[in-house]
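See structure below.
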Amino acid sequence: MRAAVLEAPNTPLQVKDLVQDEPQYGEVRVKMGAAGICASDHHIMEGTAAFPLPSVLGHEGAGTVEEVGPGVTSLKPGDRCILSFVTPCGQCPTCRGGQPQLCDLHQATGSRLLDGTVRLHDDAGREIYQMGKLGVFGEHVVTAQQACFPIPDQVPMEVAALIGCSVTTGVGAVINQPTARAGMTVAVIGAGGVGLNAIQGAKMLNASKIIAVDIHDHKLEFARKFGATDTVNARNVNAAAAVVELSNGGVDFAFDTFGSDVTANQVFESLGKGGTGVIVGLAPTEAVGSFDLVDMVRKQKTMVGSYYGSASPHRTFEVLVDAYVSGRIEIDHIVQRRYPLDEINEAFEALERGEDGRGVIVYD
(Lines give C-alpha, C1' and ligand atoms only; values in the text may rest on other atoms or scores of the structure.)
Protein backbone atom coordinates (compact mmCIF):
# COMPACT_ATOMS: atom_id res chain seq x y z
CA MET A 1 0.00 0.00 0.00
CA ARG A 2 1.00 3.64 -0.45
CA ALA A 3 1.48 5.91 2.53
CA ALA A 4 3.05 9.24 3.49
CA VAL A 5 6.08 8.56 5.68
CA LEU A 6 7.99 11.05 7.84
CA GLU A 7 11.64 10.00 7.95
CA ALA A 8 13.02 12.92 9.97
CA PRO A 9 11.80 16.23 11.43
CA ASN A 10 11.78 19.27 9.13
CA THR A 11 11.72 17.14 5.97
CA PRO A 12 8.81 16.65 3.55
CA LEU A 13 6.54 13.65 3.88
CA GLN A 14 7.46 10.96 1.35
CA VAL A 15 4.69 8.99 -0.34
CA LYS A 16 6.03 5.49 -0.85
CA ASP A 17 5.02 1.83 -1.06
CA LEU A 18 4.99 -0.11 2.21
CA VAL A 19 4.42 -3.74 3.17
CA GLN A 20 1.44 -4.22 5.46
CA ASP A 21 1.03 -7.35 7.59
CA GLU A 22 -2.28 -9.16 7.96
CA PRO A 23 -4.57 -8.25 10.88
CA GLN A 24 -3.71 -10.21 14.01
CA TYR A 25 -6.05 -11.33 16.80
CA GLY A 26 -8.68 -8.67 17.50
CA GLU A 27 -7.53 -6.47 14.59
CA VAL A 28 -9.07 -5.26 11.33
CA ARG A 29 -7.86 -3.80 8.05
CA VAL A 30 -9.59 -0.54 7.10
CA LYS A 31 -9.60 1.04 3.64
CA MET A 32 -9.24 4.76 4.23
CA GLY A 33 -11.93 7.13 3.00
CA ALA A 34 -10.70 10.49 4.29
CA ALA A 35 -8.02 11.89 6.61
CA GLY A 36 -7.84 15.34 8.19
CA ILE A 37 -4.81 17.64 8.15
CA CYS A 38 -4.24 18.46 11.83
CA ALA A 39 -1.72 20.65 13.67
CA SER A 40 -0.74 17.68 15.87
CA ASP A 41 0.77 16.00 12.81
CA HIS A 42 2.54 19.25 11.96
CA HIS A 43 4.11 19.43 15.43
CA ILE A 44 5.75 16.06 14.77
CA MET A 45 6.91 17.21 11.34
CA GLU A 46 8.53 20.27 12.94
CA GLY A 47 10.13 18.22 15.72
CA THR A 48 8.28 20.06 18.50
CA ALA A 49 6.55 16.85 19.62
CA ALA A 50 8.48 13.71 20.54
CA PHE A 51 7.58 10.80 18.29
CA PRO A 52 9.39 7.69 16.97
CA LEU A 53 10.38 7.78 13.31
CA PRO A 54 10.04 6.68 10.56
CA SER A 55 6.28 6.84 10.84
CA VAL A 56 3.10 7.11 8.84
CA LEU A 57 1.46 10.19 10.29
CA GLY A 58 -2.24 11.01 10.44
CA HIS A 59 -4.63 10.37 13.30
CA GLU A 60 -7.89 11.99 12.15
CA GLY A 61 -9.61 9.61 9.78
CA ALA A 62 -12.46 7.36 8.70
CA GLY A 63 -12.79 4.40 6.39
CA THR A 64 -14.42 1.06 5.62
CA VAL A 65 -13.54 -2.29 7.17
CA GLU A 66 -12.12 -4.58 4.49
CA GLU A 67 -10.90 -7.56 6.48
CA VAL A 68 -11.24 -8.82 10.04
CA GLY A 69 -8.72 -10.90 11.94
CA PRO A 70 -9.43 -13.77 14.33
CA GLY A 71 -11.35 -12.85 17.48
CA VAL A 72 -13.08 -9.82 15.98
CA THR A 73 -16.68 -9.74 17.18
CA SER A 74 -17.77 -6.11 16.91
CA LEU A 75 -17.13 -5.42 13.21
CA LYS A 76 -17.61 -6.99 9.78
CA PRO A 77 -16.36 -6.18 6.27
CA GLY A 78 -18.27 -3.23 4.83
CA ASP A 79 -18.72 -1.40 8.13
CA ARG A 80 -18.04 2.33 7.75
CA CYS A 81 -16.12 3.62 10.78
CA ILE A 82 -14.67 6.61 12.54
CA LEU A 83 -11.16 5.78 13.74
CA SER A 84 -10.08 6.67 17.27
CA PHE A 85 -6.44 7.67 17.77
CA VAL A 86 -6.67 6.25 21.29
CA THR A 87 -7.14 2.48 21.34
CA PRO A 88 -8.42 1.66 24.84
CA CYS A 89 -7.53 -1.77 26.17
CA GLY A 90 -10.56 -1.83 28.47
CA GLN A 91 -8.63 -3.63 31.21
CA CYS A 92 -6.14 -1.20 32.73
CA PRO A 93 -6.99 0.76 35.91
CA THR A 94 -7.60 3.94 33.92
CA CYS A 95 -10.00 2.29 31.47
CA ARG A 96 -11.83 0.56 34.31
CA GLY A 97 -11.97 3.87 36.16
CA GLY A 98 -13.99 5.38 33.31
CA GLN A 99 -11.29 7.30 31.42
CA PRO A 100 -10.47 5.16 28.37
CA GLN A 101 -9.12 8.22 26.53
CA LEU A 102 -6.17 7.99 28.96
CA CYS A 103 -5.65 4.21 28.61
CA ASP A 104 -2.43 3.05 30.30
CA LEU A 105 -1.62 0.33 27.75
CA HIS A 106 -2.26 2.63 24.82
CA GLN A 107 0.19 5.17 26.23
CA ALA A 108 2.76 2.53 27.17
CA THR A 109 2.83 0.96 23.68
CA GLY A 110 2.89 4.33 21.91
CA SER A 111 3.10 4.04 18.14
CA ARG A 112 3.02 0.25 18.19
CA LEU A 113 -0.20 -1.73 18.39
CA LEU A 114 -1.39 -2.97 21.77
CA ASP A 115 0.68 -6.18 21.54
CA GLY A 116 3.85 -4.08 21.17
CA THR A 117 4.47 -4.92 17.50
CA VAL A 118 4.08 -3.07 14.20
CA ARG A 119 2.21 -3.93 11.00
CA LEU A 120 4.16 -1.81 8.52
CA HIS A 121 7.62 -2.29 6.98
CA ASP A 122 9.46 -0.78 4.05
CA ASP A 123 11.22 -2.71 1.30
CA ALA A 124 14.38 -2.91 3.43
CA GLY A 125 12.45 -4.52 6.30
CA ARG A 126 12.55 -1.47 8.59
CA GLU A 127 9.71 -1.10 11.05
CA ILE A 128 7.42 1.82 10.23
CA TYR A 129 5.35 3.23 13.09
CA GLN A 130 1.69 4.31 12.97
CA MET A 131 0.74 7.60 14.61
CA GLY A 132 -1.94 6.94 17.21
CA LYS A 133 -1.86 3.25 16.23
CA LEU A 134 -3.52 4.44 13.00
CA GLY A 135 -1.38 6.28 10.46
CA VAL A 136 -4.32 7.47 8.36
CA PHE A 137 -2.03 9.04 5.74
CA GLY A 138 -1.92 5.60 4.18
CA GLU A 139 -4.36 3.88 1.86
CA HIS A 140 -5.06 1.12 4.41
CA VAL A 141 -4.79 0.86 8.19
CA VAL A 142 -4.45 -2.26 10.35
CA THR A 143 -5.60 -1.48 13.86
CA ALA A 144 -7.47 -2.94 16.84
CA GLN A 145 -11.23 -3.41 16.55
CA GLN A 146 -11.83 -1.11 19.52
CA ALA A 147 -10.35 1.80 17.56
CA CYS A 148 -13.30 1.62 15.15
CA PHE A 149 -16.73 3.20 15.70
CA PRO A 150 -19.38 2.16 13.12
CA ILE A 151 -21.40 4.97 11.54
CA PRO A 152 -24.54 5.18 9.39
CA ASP A 153 -24.38 5.72 5.64
CA GLN A 154 -25.65 9.31 5.85
CA VAL A 155 -22.42 10.46 7.52
CA PRO A 156 -19.91 11.36 4.75
CA MET A 157 -16.35 10.12 5.12
CA GLU A 158 -14.96 13.67 5.37
CA VAL A 159 -17.34 14.46 8.22
CA ALA A 160 -16.55 11.16 9.95
CA ALA A 161 -12.82 11.85 9.66
CA LEU A 162 -13.16 15.20 11.43
CA ILE A 163 -15.24 13.63 14.19
CA GLY A 164 -12.24 11.35 14.70
CA CYS A 165 -10.19 14.22 16.12
CA SER A 166 -11.00 17.92 15.82
CA VAL A 167 -14.74 17.76 16.39
CA THR A 168 -14.50 15.38 19.34
CA THR A 169 -11.52 17.21 20.85
CA GLY A 170 -13.14 20.64 20.53
CA VAL A 171 -16.81 19.96 21.20
CA GLY A 172 -16.01 17.33 23.81
CA ALA A 173 -13.73 19.68 25.74
CA VAL A 174 -16.77 21.88 26.29
CA ILE A 175 -19.77 19.58 26.65
CA ASN A 176 -17.91 17.09 28.84
CA GLN A 177 -16.81 19.70 31.41
CA PRO A 178 -18.72 18.75 34.56
CA THR A 179 -19.58 22.35 35.51
CA ALA A 180 -20.50 23.61 32.01
CA ARG A 181 -23.99 25.08 31.90
CA ALA A 182 -26.45 27.02 29.81
CA GLY A 183 -25.89 30.77 29.86
CA MET A 184 -22.16 30.56 30.59
CA THR A 185 -19.69 32.95 29.02
CA VAL A 186 -16.87 31.40 26.98
CA ALA A 187 -13.62 32.43 25.31
CA VAL A 188 -11.88 30.18 22.78
CA ILE A 189 -8.21 30.97 22.09
CA GLY A 190 -7.39 29.76 18.59
CA ALA A 191 -9.88 29.52 15.71
CA GLY A 192 -8.43 26.51 13.92
CA GLY A 193 -10.17 23.16 13.47
CA VAL A 194 -10.35 22.36 17.19
CA GLY A 195 -11.23 25.94 18.13
CA LEU A 196 -14.15 26.09 15.69
CA ASN A 197 -15.54 22.98 17.32
CA ALA A 198 -15.04 24.28 20.85
CA ILE A 199 -17.13 27.24 19.69
CA GLN A 200 -19.76 24.81 18.44
CA GLY A 201 -19.68 22.96 21.76
CA ALA A 202 -20.38 26.21 23.59
CA LYS A 203 -23.22 26.94 21.18
CA MET A 204 -24.68 23.46 21.76
CA LEU A 205 -24.84 24.26 25.48
CA ASN A 206 -26.49 27.65 24.84
CA ALA A 207 -23.63 29.79 26.08
CA SER A 208 -24.67 33.44 26.33
CA LYS A 209 -21.41 34.82 24.94
CA ILE A 210 -18.76 33.04 22.86
CA ILE A 211 -15.60 35.06 22.23
CA ALA A 212 -13.21 33.79 19.55
CA VAL A 213 -9.56 34.88 19.78
CA ASP A 214 -7.02 34.51 16.97
CA ILE A 215 -4.37 36.50 15.12
CA HIS A 216 -6.06 36.34 11.68
CA ASP A 217 -9.14 38.45 10.90
CA HIS A 218 -10.32 36.02 8.22
CA LYS A 219 -10.29 33.14 10.73
CA LEU A 220 -12.23 35.22 13.24
CA GLU A 221 -14.85 36.03 10.62
CA PHE A 222 -15.02 32.34 9.72
CA ALA A 223 -15.55 31.53 13.41
CA ARG A 224 -18.73 33.59 13.46
CA LYS A 225 -20.30 31.09 11.07
CA PHE A 226 -19.96 28.43 13.77
CA GLY A 227 -21.33 30.39 16.71
CA ALA A 228 -18.84 33.03 17.84
CA THR A 229 -20.71 36.09 19.12
CA ASP A 230 -17.62 38.31 19.52
CA THR A 231 -14.06 38.26 18.21
CA VAL A 232 -10.66 39.51 19.36
CA ASN A 233 -7.56 39.80 17.20
CA ALA A 234 -4.69 39.07 19.59
CA ARG A 235 -2.20 40.61 17.17
CA ASN A 236 -3.75 44.04 17.69
CA VAL A 237 -4.74 44.15 21.38
CA ASN A 238 -4.11 42.51 24.73
CA ALA A 239 -6.31 39.48 24.18
CA ALA A 240 -7.06 38.68 27.83
CA ALA A 241 -7.90 42.29 28.66
CA ALA A 242 -10.24 42.45 25.67
CA VAL A 243 -12.00 39.25 26.76
CA VAL A 244 -12.40 40.56 30.31
CA GLU A 245 -13.91 43.78 28.98
CA LEU A 246 -16.30 41.98 26.60
CA SER A 247 -17.48 39.66 29.38
CA ASN A 248 -17.81 42.31 32.11
CA GLY A 249 -15.12 40.91 34.38
CA GLY A 250 -13.93 37.68 32.83
CA VAL A 251 -15.48 34.56 31.34
CA ASP A 252 -16.78 31.45 33.06
CA PHE A 253 -14.77 29.19 30.76
CA ALA A 254 -11.75 29.80 28.55
CA PHE A 255 -10.29 27.19 26.21
CA ASP A 256 -6.75 27.11 24.80
CA THR A 257 -7.16 25.16 21.56
CA PHE A 258 -3.78 26.28 20.17
CA GLY A 259 -1.31 25.05 22.77
CA SER A 260 1.51 27.31 23.99
CA ASP A 261 2.68 29.08 27.13
CA VAL A 262 1.39 32.37 25.71
CA THR A 263 -2.12 31.11 24.99
CA ALA A 264 -2.30 29.22 28.30
CA ASN A 265 -1.58 32.46 30.14
CA GLN A 266 -4.18 34.26 28.04
CA VAL A 267 -6.72 31.65 29.13
CA PHE A 268 -5.90 32.15 32.82
CA GLU A 269 -6.02 35.93 32.58
CA SER A 270 -9.36 35.82 30.71
CA LEU A 271 -11.18 34.08 33.55
CA GLY A 272 -13.57 35.76 35.92
CA LYS A 273 -14.19 34.74 39.52
CA GLY A 274 -14.77 31.01 39.82
CA GLY A 275 -13.80 30.55 36.17
CA THR A 276 -12.29 27.44 34.63
CA GLY A 277 -9.47 27.42 32.10
CA VAL A 278 -9.18 24.35 29.87
CA ILE A 279 -5.94 23.50 28.05
CA VAL A 280 -6.85 21.53 24.93
CA GLY A 281 -4.09 22.12 22.38
CA LEU A 282 -0.77 20.33 22.78
CA ALA A 283 2.07 22.76 23.47
CA PRO A 284 5.64 22.11 22.27
CA THR A 285 7.65 19.64 24.34
CA GLU A 286 8.93 21.18 27.61
CA ALA A 287 6.68 24.25 27.35
CA VAL A 288 5.76 25.54 30.82
CA GLY A 289 2.91 27.83 31.86
CA SER A 290 3.10 30.33 34.73
CA PHE A 291 0.12 31.83 36.53
CA ASP A 292 -0.52 34.41 39.22
CA LEU A 293 -1.07 32.09 42.18
CA VAL A 294 -2.57 34.79 44.38
CA ASP A 295 -5.10 35.60 41.65
CA MET A 296 -5.89 31.88 41.34
CA VAL A 297 -6.70 31.61 45.04
CA ARG A 298 -8.54 34.87 45.58
CA LYS A 299 -10.71 34.42 42.49
CA GLN A 300 -10.97 30.63 42.87
CA LYS A 301 -9.84 29.99 39.32
CA THR A 302 -9.38 26.43 38.06
CA MET A 303 -7.00 25.22 35.33
CA VAL A 304 -7.53 21.75 33.85
CA GLY A 305 -6.34 19.72 30.89
CA SER A 306 -8.62 18.11 28.35
CA TYR A 307 -7.45 15.18 26.22
CA TYR A 308 -9.58 13.89 23.35
CA GLY A 309 -12.74 15.55 24.62
CA SER A 310 -12.25 14.67 28.31
CA ALA A 311 -14.27 11.43 28.04
CA SER A 312 -14.59 8.13 26.21
CA PRO A 313 -14.04 8.93 22.51
CA HIS A 314 -16.67 6.41 21.44
CA ARG A 315 -19.24 7.96 23.74
CA THR A 316 -18.52 11.42 22.33
CA PHE A 317 -18.53 10.00 18.77
CA GLU A 318 -22.04 8.72 19.44
CA VAL A 319 -23.26 12.11 20.65
CA LEU A 320 -21.67 13.93 17.71
CA VAL A 321 -22.93 11.55 15.02
CA ASP A 322 -26.45 12.00 16.38
CA ALA A 323 -25.99 15.78 16.50
CA TYR A 324 -24.76 15.82 12.88
CA VAL A 325 -27.53 13.59 11.54
CA SER A 326 -30.17 15.68 13.33
CA GLY A 327 -28.67 18.96 12.07
CA ARG A 328 -27.60 20.31 15.46
CA ILE A 329 -23.93 20.69 14.52
CA GLU A 330 -22.20 21.93 11.35
CA ILE A 331 -19.25 19.89 10.11
CA ASP A 332 -19.49 19.86 6.30
CA HIS A 333 -18.36 23.46 5.88
CA ILE A 334 -15.38 23.09 8.17
CA VAL A 335 -13.83 21.18 5.25
CA GLN A 336 -12.41 23.88 2.98
CA ARG A 337 -9.73 22.05 0.98
CA ARG A 338 -9.43 18.55 -0.50
CA TYR A 339 -6.24 16.85 -1.69
CA PRO A 340 -5.11 13.49 -3.06
CA LEU A 341 -2.44 11.71 -1.01
CA ASP A 342 0.30 12.82 -3.41
CA GLU A 343 -0.39 16.49 -2.49
CA ILE A 344 -0.11 16.01 1.27
CA ASN A 345 2.82 18.41 1.64
CA GLU A 346 0.79 21.12 -0.11
CA ALA A 347 -2.00 20.42 2.38
CA PHE A 348 0.34 21.14 5.29
CA GLU A 349 1.59 24.30 3.60
CA ALA A 350 -2.00 25.58 3.67
CA LEU A 351 -2.16 24.72 7.38
CA GLU A 352 1.05 26.68 7.98
CA ARG A 353 -0.44 29.71 6.20
CA GLY A 354 -3.38 29.68 8.64
CA GLU A 355 -6.09 29.16 6.04
CA ASP A 356 -9.69 28.78 7.19
CA GLY A 357 -11.19 25.48 8.26
CA ARG A 358 -9.78 22.04 7.63
CA GLY A 359 -8.02 20.39 4.73
CA VAL A 360 -8.60 16.68 4.11
CA ILE A 361 -6.93 13.91 2.16
CA VAL A 362 -9.59 12.14 0.09
CA TYR A 363 -8.94 8.55 -0.96
CA ASP A 364 -10.51 6.82 -3.96
Side-chain angles (χ1 to χ4, degrees), residues 32-44 49 57-63 81-86 101 131-132 134 136-137 147 149 151 155-176 188-204 210 212 214 219 222-223 225-228 255-259 263 278-283 306-311 313-321 323-324 329-339 344 347-348 350-352 354-362:
M32 290 305 304
I37 301 297
C38 181
S40 295
D41 305 292
H42 193 247
H43 292 328
I44 297 168
L57 298 189
H59 62 286
E60 181 178 83
C81 298
I82 299 169
L83 297 175
S84 169
F85 65 79
V86 171
Q101 78 278 11
M131 181 180 180
L134 297 177
V136 298
F137 295 155
F149 180 82
I151 55 173
V155 180
M157 280 293 173
E158 295 175 4
V159 168
L162 267 58
I163 293 176
C165 175
S166 58
V167 182
T168 294
T169 300
V171 174
V174 181
I175 67 172
N176 292 327
V188 177
I189 314 293
V194 174
L196 293 174
N197 285 294
I199 289 167
Q200 293 210 89
K203 182 180 178 181
M204 288 175 68
I210 306 171
D214 203 280
K219 295 183 76 169
F222 194 65
K225 299 178 181 179
F226 296 89
F255 297 85
D256 175 6
T257 65
F258 179 77
T263 50
V278 185
I279 307 301
V280 183
L282 287 174
S306 174
Y307 188 63
Y308 213 173
S310 304
H314 280 31
R315 176 58 186 145
T316 309
F317 291 169
E318 184 178 5
V319 171
L320 293 172
V321 167
Y324 173 78
I329 187 172
E330 169 58 61
I331 302 177
D332 298 89
H333 293 106
I334 294 177
V335 178
Q336 292 291 299
R337 298 168 298 283
R338 296 167 177 84
Y339 306 88
I344 192 165
F348 277 104
L351 177 73
E352 291 175 352
E355 294 189 11
D356 291 340
R358 204 63 146 186
V360 296
I361 302 298
V362 178

Closest contact, heavy atoms only, [X] versus [Y]:
{"X": "Met32", "Y": "Leu83", "value": "SD-CD1, 3.7 Å"}
{"X": "Ile199", "Y": "Phe226", "value": "CG2-O, 3.4 Å"}
{"X": "Cys165", "Y": "Tyr308", "value": "CA-CE2, 4.3 Å"}
{"X": "Leu196", "Y": "Ala191", "value": "CG-O, 3.8 Å"}
{"X": "Thr257", "Y": "Gly190", "value": "OG1-O, 2.9 Å"}
{"X": "Gly172", "Y": "Thr316", "value": "CA-CG2, 4.3 Å"}

Supply the atom-to-atom distance [X] [atom1] to [Y] [atom2], rounded to the nearest 0.5 angstrom.
{"X": "Ile163", "Y": "Ile331", "atom1": "CD1", "atom2": "CD1", "value": "4.0 Å"}
{"X": "Glu355", "Y": "Phe222", "atom1": "CD", "atom2": "CZ", "value": "11.0 Å"}
{"X": "Met204", "Y": "Asn197", "atom1": "CE", "atom2": "CG", "value": "10.0 Å"}
{"X": "Asp214", "Y": "Phe258", "atom1": "CG", "atom2": "CZ", "value": "9.0 Å"}
{"X": "Ile361", "Y": "Tyr339", "atom1": "CD1", "atom2": "OH", "value": "8.0 Å"}
{"X": "Tyr307", "Y": "Gln101", "atom1": "OH", "atom2": "CD", "value": "9.5 Å"}

Would the distance check show the side chain of [X] and the main-chain N or O of [Y] forming a donor-acceptor pair, the cut-off being under 3.5 Å?
{"X": "Thr169", "Y": "Gly309", "value": "no"}
{"X": "Glu60", "Y": "Ser166", "value": "yes"}
{"X": "Glu330", "Y": "Asp332", "value": "yes"}
{"X": "Asp41", "Y": "Gly58", "value": "yes"}
{"X": "Ser310", "Y": "Ala173", "value": "no"}
{"X": "Asp256", "Y": "Gly259", "value": "yes"}
{"X": "Arg337", "Y": "Asp356", "value": "yes"}

Exercise for the section: Apply side-chain contact (heavy atoms from CB on, under 4.5 Å) to the pair Gln200 and Ile334, showing each step before the final yes or no. Expected result: CA-CA 11 Å; Gln200 293 210 89; Ile334 294 177; 3.9 Å; yes
For residues [X] and [Y], determine if any side-chain heavy atom of one lies less than 4.5 Å from a side-chain heavy atom of the other.
{"X": "Glu318", "Y": "Phe149", "answer": "yes"}
{"X": "Ile82", "Y": "Thr168", "answer": "no"}
{"X": "Phe317", "Y": "Cys81", "answer": "no"}

Practice task
On the 0 to 90° scale, with breaks at 30° and 60°, tag the Phe85-His59 ring pair as parallel, tilted or perpendicular.
Solution key: perpendicular
Exercise for the section: Before giving the answer on side-chain contact (heavy atoms from CB on, under 4.5 Å), spell out for Val360 and Leu162 the whole-Å C-alpha distance, their side-chain angles and the decisive distance to 0.1 Å. Expected result: CA-CA 9 Å; Val360 296; Leu162 267 58; 3.7 Å; yes
Handout entry: More than 12 heavy atoms of other groups within 6.0 Å of Lys203 NZ
Key = no
Handout entry: Lys/Arg-Asp/Glu bridge criterion (N-O < 4.0 Å) met for Glu158, Arg338
Key = yes
